[in-house]
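Here's the structure we're looking at; comments come further down.
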Amino acid sequence: FPLWFANSAIVTVTVTIARTLFDSAAGYALARLQFRGRNAIYAGLIAVMAVPGVVLLIPKFLVINQLGMFDSYPGMIVPLFADAAGVFIMKNFFESIPASVEEQARIDGAGTFRTFWSIVLPMARPALVTIFILSFQGSWNELAQFIISTNDPNLTTLTKGVASLAS
């Protein structure tokens, strides 16, 4: 049980931090940066949200196996680094922040990353807390990803271990 808890803690902390960063960066890019294909990416994001997660299990397994990440922490963690719902939440929140705030930062000489990191991201604290909580809860309770990404008993998480005890 202590190993299961340690594995769950490692995966949950890593996924929560990475997902919060990646979702906020992707949401900012979709909300504020002008680039070709932005609308197509957003449409794809909405389409991914409409697909049930079970449908993606076999393709996820094939990709994890092809990349040589099966039976490893990266195979358990990396596929959970970003999720469509988190990007959607962050994009909509960033669109609610007035563009004049970013214009003032650019006038003061801040670049895109500095504007994002120092000006806009602190203003997005409510959305960040939401993503943080959803990511923590989702990665702690994740089962399907861990079933397809590992067979090694040393990488068993609490959810997978309890499920194996129950079956």
Would you name the heavy atoms of [X] and [Y] that are closest together and state the gap between them?
X	Y	value
L80	V15	O-CG1, 3.6 Å
M90	A127	SD-CB, 3.6 Å
E142	Q145	OE2-N, 3.0 Å
A144	L57	CB-CD2, 3.8 Å
T14	I10	OG1-O, 2.8 Å
T16	S139	OG1-OG, 3.7 Å

Hey, quick one: are [X] and [Y] part of the same hydrophobic cluster, counting side-chain heavy atoms closer than 4.5 Å, chains of contacts allowed?
X	Y	value
M49	V54	no
V13	L128	yes
F61	L143	no
I133	I89	no
V63	V48	no

Rounded to the nearest 0.5 Å, how far apart are [atom1] of [X] and [atom2] of [Y]?
X	Y	atom1	atom2	value
L155	S72	CG	OG	7.5 Å
M69	I77	CE	CD1	10.0 Å
F132	D23	CZ	CG	13.0 Å
L3	S8	CG	OG	9.5 Å
I147	M76	CD1	CE	11.0 Å
I64	L67	CD1	CG	8.5 Å

| request: Please assess E102 against Y28 for the test side-chain contact (heavy atoms from CB on, under 4.5 Å), listing each intermediate value before the final yes or no. | output: CA-CA 12 Å; E102 295 171 62; Y28 181 76; 2.7 Å; yes
Would you please name every residue forming a ring pair (Phe, Tyr, Trp, His ring centres under 6.0 Å) with [X], sequence neighbours left out?
X	result
F93	none
F88	none
F1	W4
F5	W140

| message | I'd like to know if the side chain of T12 reaches the main chain of F136, judged simply by a donor and an acceptor atom lying under 3.5 Å from each other, with no hydrogens or angles considered. | response | no
| message | Please check: side-chain N/O of D71 versus main-chain N/O of D152, any donor-acceptor pairing under 3.5 Å? | response | yes
| How about L165: does its CG atom have over 12 heavy atoms from other parts shown lying under 6.0 Å from it? | yes
| request: Would you please name every residue forming a side-chain hydrogen bond (donor to acceptor under 3.5 Å, both in side chains) with S24, sequence neighbours left out? | output: none
| Do T157 and N7 get their side chains close enough for a donor-acceptor pair, meaning under 3.5 Å? | no
Show me the donor-acceptor pairs within less than 3.5 Å that the side chains of residues 108-124 make with the rest of the protein, sequence neighbours left out.
{"residue": "R114", "atom": "NH1", "partner": "S118", "partner atom": "OG", "Å": "3.4"}
{"residue": "T115", "atom": "OG1", "partner": "G111", "partner atom": "O", "Å": "2.7"}

| field | Stepwise side-chain contact (heavy atoms from CB on, under 4.5 Å) test for V78 and Y73 | value | CA-CA 8 Å; V78 171; Y73 279 115; over 6 Å; no
| field | Candidate pair L21 and I17, rule side-chain contact (heavy atoms from CB on, under 4.5 Å), full reasoning | value | CA-CA 6 Å; L21 291 173; I17 292 168; 4.2 Å; yes
| said: Tell me which one of L134, V87, D83 satisfies side-chain contact (heavy atoms from CB on, under 4.5 Å) with R19. | reply: D83
